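What you are looking at is a predicted structure, and each value in this text was computed from that prediction instead of being measured. Heavy atoms only: backbone and side chains are in, while hydrogens, waters and symmetry mates are out. Throughout, a chain's letter reflects where its sequence line sits, starting with A, and its residues are numbered from 1.
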Protein chains: 2
Amino acid sequence: MKIATWNVNSIRTRLEHATNWLKESGVDVLCLQETKVVDELFPREPFEKLGYHLYTSGQKSYNGVAIISRQPMEDISVGFTSILPDVDAKWDEQKRVISGVVDGIRIVNLYVPNGSSIGSEKYEYKLGWLEILKDYLQKQLKSTPNICVCGDFNIALEDKDIHEKAKPATHIMSSDAEREALRENVLKLGFADAFRKFTSEGEHYSWWDYRAASFNRNRGWRIDHHYLTPDLYERATSCTIDIEPRKLTQPSDHTPVTVELSSSK
Amino acid sequence: MKIATWNVNSIRTRLEHATNWLKESGVDVLCLQETKVVDELFPREPFEKLGYHLYTSGQKSYNGVAIISRQPMEDISVGFTSILPDVDAKWDEQKRVISGVVDGIRIVNLYVPNGSSIGSEKYEYKLGWLEILKDYLQKQLKSTPNICVCGDFNIALEDKDIHEKAKPATHIMSSDAEREALRENVLKLGFADAFRKFTSEGEHYSWWDYRAASFNRNRGWRIDHHYLTPDLYERATSCTIDIEPRKLTQPSDHTPVTVELSSSK
DNA sequence: GTTTCAGCCG
DNA sequence: CGGCTGAAAC
């Protein structure tokens, strides 16, 4: 079973890229972020024609997540509050969370807030959001022990996940507090980074800023991840970044990352 | 010698269409309107690579004209005031006029104001602009007797130049005053419509509104013209509208019109 | 319907 | 640099 994550930066603008890649890759589950469209306007048909089922949670202009699955999914939930009723509704105003179960695996698709700049209001929102995420994942773990949490985390956990020209400590997406929040609220629950099961060296990135020709210079960041619970981590047979879509004309600034899991016994 | 006119509605957006059509058509002179770009940002190279010389007069966002010529042109002039120094500079604030001489023929490339709606301030501007045009053409005729005035005139001279659903008298581009202005300020100077030398029937159009599927229903207007002085009119061997570019994806709302002149003796 | 812009966001 | 908006132009 192949599960991919891709921040498409507008599904309507990237529709051709996304459907072509889905055809070529043949992944079973494709988690999209930054769809930037309300559910009623999501271009469902091109995906349905390829035989996929869609689950979307979108808004106008910003954010928005979707899961595209070959098999129908069960137990779909949108946002934090459907799972954590006591959580302040402000954490669900932005559409950043969608989840569902397929083949006994809960897929949690996240678009973690970017945070703008260290110390800003949006930065505090990001850190607060990651605390809610902990409660959310703990709750989900109780009903489904096998979870793949994937998406655009907007955090590069280690220095080797960032190109050499960037200064991690002073940069959004790599500050100590963000990394600590990711460790504390995700990793400590028992999740492990699928990519690092197979690849220990650096210079593998999933996002390159549109500016300053950063893709051509390979000045990227690895901020799109799959975090797996222990049994799934055991089942992972590969985790790869496909940089081809980043080379196309009018690309997303992110490129898809795919984990493959062996079938359960 | 082939001289074409085409309102491209942004040369940057239509660059591929324009270069492809130039290659296929092999015209000697291509007059563009609504280039919508300042001269410094005009995409010269793709045309120069095809062996053409460029003469541009553009502005940001609106209007803008250019002549693309296989042979270098002489006596290039931009705007009305370079020829008519006493004319109020307000008539040249919008970039709508460029002219040059090639092979003994003066090409005058015009983007006549649209006029918005009958009776509006812009309508009065259009009529005023057409009066200046008369002085301009008379002056040009003195130095170069052979003139091809072409471009987007935003006027359909006869009812048969407009699809049947439109009501000419009440519509911008076909009001009596606009038609009269075109007759008085251009035709009366001795110019004749090259297209009507060869084709007398209607339902031949050069512009179709983007709205209401007007191209598919062939609800168009013939508003892009070549007006020729008598000797050139005599030399004209064809004048044709190529509707193919209007069928492409992301087309201009106009399509190119080409006049062919036999070589002079 | 399509393009342009400024202003916003990342 | 490239998404998005909403207004203006045609």
Inset, instruction - For E34(A), report the nucleic acid contact type (base, sugar-phosphate, nothing); a contact means any heavy atom under 4.0 Å. - result: nothing
Inset, instruction - Pick out which of D152(B), D159(B), D193(B) makes a salt bridge (Lys or Arg N to Asp or Glu O under 4.0 Å) with R222(B). - result: D193(B)
Legend entry - With R217(A) via side-chain hydrogen bond (donor to acceptor under 3.5 Å, both in side chains) - residues at least two apart: none
Legend entry - Residues T56(A) and D39(A): side-chain donor-acceptor under 3.5 angstrom: yes
Inset, instruction - Step through it carefully: locate the ring centre of Y111(B), locate the ring centre of F153(B), and say whether they are under 6.0 Å apart. - result: no
Legend entry - Nearest non-hydrogen partners of I98(A) and I67(A), listed with the distance: CG2-CG1, 3.6 Å
Legend entry - Nucleotides bounding contact with chain B, strand DNA chain D, heavy-atom threshold 4.0 Å: dA9(D) to dC10(D)
Inset, instruction - Using heavy atoms and a sub-4.0 Å distance, could you list which residues of residues 58-66 of chain B are near DNA chain C? By number, please. - result: K60(B), S61(B)
Inset, instruction - Answer yes if the ring centres of F215(A) and Y210(A) are under 6.0 angstrom apart, and no otherwise. - result: no
Legend entry - Proximity of F195(B) and H226(B) rings by center, below 6.0 Å: no
Inset, instruction - Check ring pair (Phe, Tyr, Trp, His ring centres under 6.0 Å) between F80(B) and all other residues, then give those that pass, not counting sequence neighbours. - result: W129(B), Y136(B)
Inset, instruction - Taking the six-membered ring for Trp and the full ring for Phe, Tyr or His, determine whether the centres of W221(A) and W208(A) are under 6.0 Å apart. - result: no
Legend entry - Listed partners of H17(A) passing ring pair (Phe, Tyr, Trp, His ring centres under 6.0 Å), at least two apart: none
Inset, instruction - Would you grab the first and last nucleotide of DNA chain C (5' to 3') that comes under 4.0 Å of any non-hydrogen atom in chain B? - result: dG1(C) to dA6(C)
Inset, instruction - Report the residue (D209(B) or Q250(A)) whose heavy-atom-nearest nucleotide on DNA chain D is the more 5′ of the two. - result: Q250(A)
Inset, instruction - Could you tell me whether R14(B) contacts a base, only the sugar-phosphate backbone, or nothing, with contacts defined as non-hydrogen atoms closer than 4.0 Å? - result: sugar-phosphate
